[in-house]
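Report on the following structure.
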Amino acid sequence: MSAVAKFHRRYRAETADLGLFDWDGFIADDAPDWAQALRKRGHENVIANGLPTPKLERFKYFNLPAWLKKNELSYKPADIAIDGNTDYVTQFGPRCSYIPDWTQEAAESAPIGEDKYGDMMLWRLSDAYFKDGIVVDVPANTKSDAPLNLTITGHDGAVTMPRLIIRVAKGSDFTLCEYHIGQGAAWNNAVTQVIIEEGARFRHYRMQENPHEAAYTQNTHVKVADGAQYEAFTLTNGAAQSRHQLHVELQGPEASCDLNGINILSGKQNADTTITVEHQAPQCRSNQNYRNVVTDQATGIFQGKVHVHQIAQQTDGYQLSNSLLLSPQAVMNTKPELEIYADDVKCSHGATSGRLDEKALFYLRSRGIPELQARALLIQAFVSEVMEDISFDPIKEQGEHIVQRWLDHATLSVHTDWVEE
């Protein structure tokens with residue numbers, strides 16, 4: 001009996017209908033046989049397992065079905081705009097007719113972690129509506145300073161299921177900047193698959209600024225070959241419910257990844273970052289560095305895991321999540337994990353959650369800086385430690401602008417009912 005079957009029996013939820021929108025009409029769309037087969041397998045999986053609920057360990061703090069029950073939604077084609085370095089981009093087109101042959105195998109591959117964690121229903125839901133998206137195929141030894149800019153816009157009442165399939169060939173250097181925006185109560189359920197070949201470098205940045213009525217779920221799977229590098233940065237400022245699930249496989253010696261992020265949350269937002277990095281080869285390096293600023297009644301979640309396989313000797317794995325709580329109702333749930341089967345490794349993880357440093361705040365105020373300005377300066381300094389790790393200056397500047405804009409509107413005042421115990 002498979003692990004998926006066990007999860008099915010234990011966790012089967014009556015939530016499948018919440019995620020299936022006129023699927024019978026959708027499947028009637030003309031498409032290649034392999035795409036139709038993928039859609040049908042995805043549909044069968046969703047019917048059998050439902051959508052993920054808080055009964056699943058890695059969805060413990062994320063209740064998407066509760067949000068879906070409050071909103072009337074229908075499936076719509078994804079609104080995807082591209083500009084910048086578009087030389088290596090192919091959009092799926094009608095009937096999925098423009099997809100290069102090599103992408104079929106990637107699209108049909110089983111979601112990573114499906115057997116182990118049993119919580120990949122959102123990926124399978126994306127399979128059921130496989131139609132919209134882009135392929136990025138960067139040739140070998142291509143060096144490009146200009147990024148590809150990708151903007152996905154959500155529209156009120158619409159559900160979209162965009163798929164990104166990216167291959168950065170041997171020895172290449174490429175940058176992708178994603179912008180997620182929209183209006184109203186939209187749901188963007190995206191899947192991104194990345195292949196980075198030997199000696200290549202891929203810089204991948206996301207700015208998630210959906211409206212506070214929306215939902216955003218993202219499954220990203222990355223394969224990193226010998227000596228290749230993956231640099232990722234995600235800034236989360238939008239959506240009522242958002243989840244960024246990232247799984248990185250370091251498959252070849254001296255492969256590396258740097259995963260950085262900033263979550264700035266207010267109101268009643270709920271933002272989940274769930275990461276698994278698998279060290280599958282020796283002499284690989286991984287770094288996770290996340291900062292969370294949470295105010296009002298918002299909730300942040302960080303679940304970060306480093307899995308070191310027995311073959312992965314001389315691994316260097318680092319993981320850190322630091323959080324600022326700016327109100328007594330703000331919540332941060334943190335679960336760092338190390339799973340190590342090798343002997344010769346350097347691995348560490350850490351997590352902190354707390355208030356602003358009152359001594360630092362007093363110091364700034366004693367120099368004549370008004371209290372709200374002093375608080376904003378301390379928050380800027382807190383998140384800037386992550387900004388400094390971004391190697392692409394335009395994204396660094398955009399991130400600083402978004403943080404400043406958030407600070408201008410966030411609740412930074414003192415809560416008189418919040419006292420030290």
List the steps, then state whether side-chain hydrogen bond (donor to acceptor under 3.5 Å, both in side chains) holds for Ser126 with Asn189.
CA-CA 7 Å; Ser126 176; Asn189 180 46; 5.0 Å; no
Identified side-chain contact (heavy atoms from CB on, under 4.5 Å) counterpart of Leu150 within the set Val136, Ile134, Thr86
Ile134
If the condition is ring pair (Phe, Tyr, Trp, His ring centres under 6.0 Å), which residues does Phe174 pass it with, not counting sequence neighbours?
none
Residues two or more places apart in sequence or in another chain: which of them pass ring pair (Phe, Tyr, Trp, His ring centres under 6.0 Å) with His43?
Trp23
Approximate separation, where rounding is to 0.5 Å, of Leu51 CG and Leu18 CG:
6.0 Å
My understanding is that only one of Gln193, His247, His244 makes a side-chain contact (heavy atoms from CB on, under 4.5 Å) with Thr220; could you say which?
His244
In this structure, OG1 of Thr273 is separated from CD1 of Ile301 (nearest 0.5 Å) by 8.0 Å
Go through the steps for Arg206 and Thr234 under the test side-chain hydrogen bond (donor to acceptor under 3.5 Å, both in side chains), then give the verdict.
CA-CA 5 Å; Arg206 283 196 182 103; Thr234 300; 4.5 Å; no
Do Trp102 and Asp137 pass the side-chain hydrogen bond (donor to acceptor under 3.5 Å, both in side chains) test, and can you show the C-alpha distance, the side-chain angles, and the key distance before you say yes or no?
CA-CA 10 Å; Trp102 68 269; Asp137 194 5; 3.1 Å; yes
Drop me the distance from Glu400's CD to Ile395's CD1, to the nearest 0.5 angstrom.
11.5 Å
Once rounded to the nearest 0.5 Å, what's the spacing between atom OH of Tyr290 and atom CD of Gln288?
7.0 Å
Partners passing side chain to side chain contact (heavy atoms under 4.5 Å, CB included) against Ala169 (at least two apart in sequence or in another chain)
Ala140, Glu197
Donor-acceptor pair, side chain of Asp156 and main chain of Ala185, under 3.5 angstrom
yes
Please check if atom NZ in Lys335 has more than 12 non-hydrogen atoms from other residues, nucleotides or ligands closer than 6.0 Å.
yes
Is it the case that Ser327 and Asp296 place a side-chain donor and acceptor less than 3.5 Å from each other?
no
Classify the side-chain pair Gln241/Asn270 by whether it contains a donor and acceptor separated by less than 3.5 Å.
yes
Test item: side-chain donor near acceptor, Asn71 and Trp187, under 3.5 Å:
no
Can you tell which of Asn333, Thr274, Thr334 makes a side-chain hydrogen bond (donor to acceptor under 3.5 Å, both in side chains) with Gln303?
Thr274
Closer than 3.5 angstrom, by distance alone: can the side chain of Asn45 be matched with the main-chain N or O of Arg41 as a donor-acceptor pair?
no
Heavy atoms of other groups near Asp145 CG, more than 12 under 6.0 Å:
no
Ignoring hydrogens and geometry, is there a side-chain-to-backbone donor-acceptor pair from Ser242 to Ala239 under 3.5 Å?
no
Does Pro139 offer a backbone N or O that forms a donor-acceptor pair with the side chain of Ser172 under 3.5 Å?
yes
NZ of Lys396: more than 12 outside heavy atoms within 6.0 angstrom?
yes
Distance-only donor-acceptor check, side chains Gln245 and Gln218, under 3.5 Å:
no
How far apart are the C-alpha atoms of Ser286 and Asp316, what are their side-chain angles, what is the distance that settles it, and do they pass the side chain to side chain contact (heavy atoms under 4.5 Å, CB included) test?
CA-CA 6 Å; Ser286 68; Asp316 189 351; over 6 Å; no
Salt bridge Arg124-Glu44, side-chain N to carboxylate O under 4.0 Å
no
Using the side-chain hydrogen bond (donor to acceptor under 3.5 Å, both in side chains) definition, which of the options Gln319, Glu339, Glu278 pairs with Lys305?
Glu339
Measure centre to centre between the rings of Phe21 and Phe26, then say whether the value is under 6.0 Å.
no
The criterion is side chain to side chain contact (heavy atoms under 4.5 Å, CB included); which residues satisfy it with Asp132, sequence neighbours excluded?
Tyr75, Pro77, Ala78
Within a 6.0 Å radius of atom CD1 on Ile311, are there more than 12 heavy atoms belonging to other residues, nucleotides or ligands?
no
Donor-acceptor contact below 3.5 Å, side chain Gln313 vs main chain Gln310
yes
Sequence neighbours left out, what passes side chain to side chain contact (heavy atoms under 4.5 Å, CB included) with Asp87? Give chain and number order.
Asn85
Side chain to side chain contact (heavy atoms under 4.5 Å, CB included) partners of Asp17, counting only residues at least two apart
none
CD1 of Ile82 to CG of Leu176, rounded to nearest 0.5 Å, is 10.5 Å
Listed partners of Thr299 passing side-chain hydrogen bond (donor to acceptor under 3.5 Å, both in side chains), at least two apart:
none
Just by distance, with hydrogens left out, do Tyr179 and Gln398 show a side-chain donor and acceptor under 3.5 Å apart?
yes
Is it true that a side-chain atom of Asn237 and a backbone atom of Trp406 form a donor plus acceptor pair closer than 3.5 Å?
no
Indicate whether the side chain of Asn263 and that of Asn292 have a donor and an acceptor atom separated by less than 3.5 Å.
yes
Scan for side chain to side chain donor-acceptor pair (under 3.5 Å) pairs involving residues 31-40, sequence neighbours excluded, and state none if there are none.
Gln36-Arg39
Can you name the ring pair (Phe, Tyr, Trp, His ring centres under 6.0 Å) partners of Phe233, sequence neighbours left out?
none
Start with the C-alpha gap between Leu164 and Val191, add the side-chain angles, then the distance that decides, and say whether side chain to side chain contact (heavy atoms under 4.5 Å, CB included) holds.
CA-CA 6 Å; Leu164 278 63; Val191 168; over 6 Å; no
Matching residue for Thr276 among Arg58, Glu249, Lys116 - test: side-chain hydrogen bond (donor to acceptor under 3.5 Å, both in side chains)
Arg58
One should read off an interatomic distance between Ile196 CD1 and Glu198 CD, to the nearest 0.5 angstrom, of 11.5 Å
For Glu231, which residues count as a side-chain hydrogen bond (donor to acceptor under 3.5 Å, both in side chains) partner, sequence neighbours excluded?
Tyr205, Ser391
All ring pair (Phe, Tyr, Trp, His ring centres under 6.0 Å) counterparts of Tyr341, not counting sequence neighbours
His307
Any donor-acceptor N/O pair, Lys143 side chain to Gly171 backbone, under 3.5 Å:
yes
Verify the distance criterion only: is there a donor paired with an acceptor across the side chains of Glu337 and His349 at less than 3.5 Å?
no
Sorted by chain and residue number, the side-chain hydrogen bond (donor to acceptor under 3.5 Å, both in side chains) partners of Thr315 (sequence neighbours excluded) come out as none
Does NZ or CZ of Arg243 fall inside the cone over Phe59's six-membered ring, less than 6.0 Å from its centre and within 45° of the axis?
yes
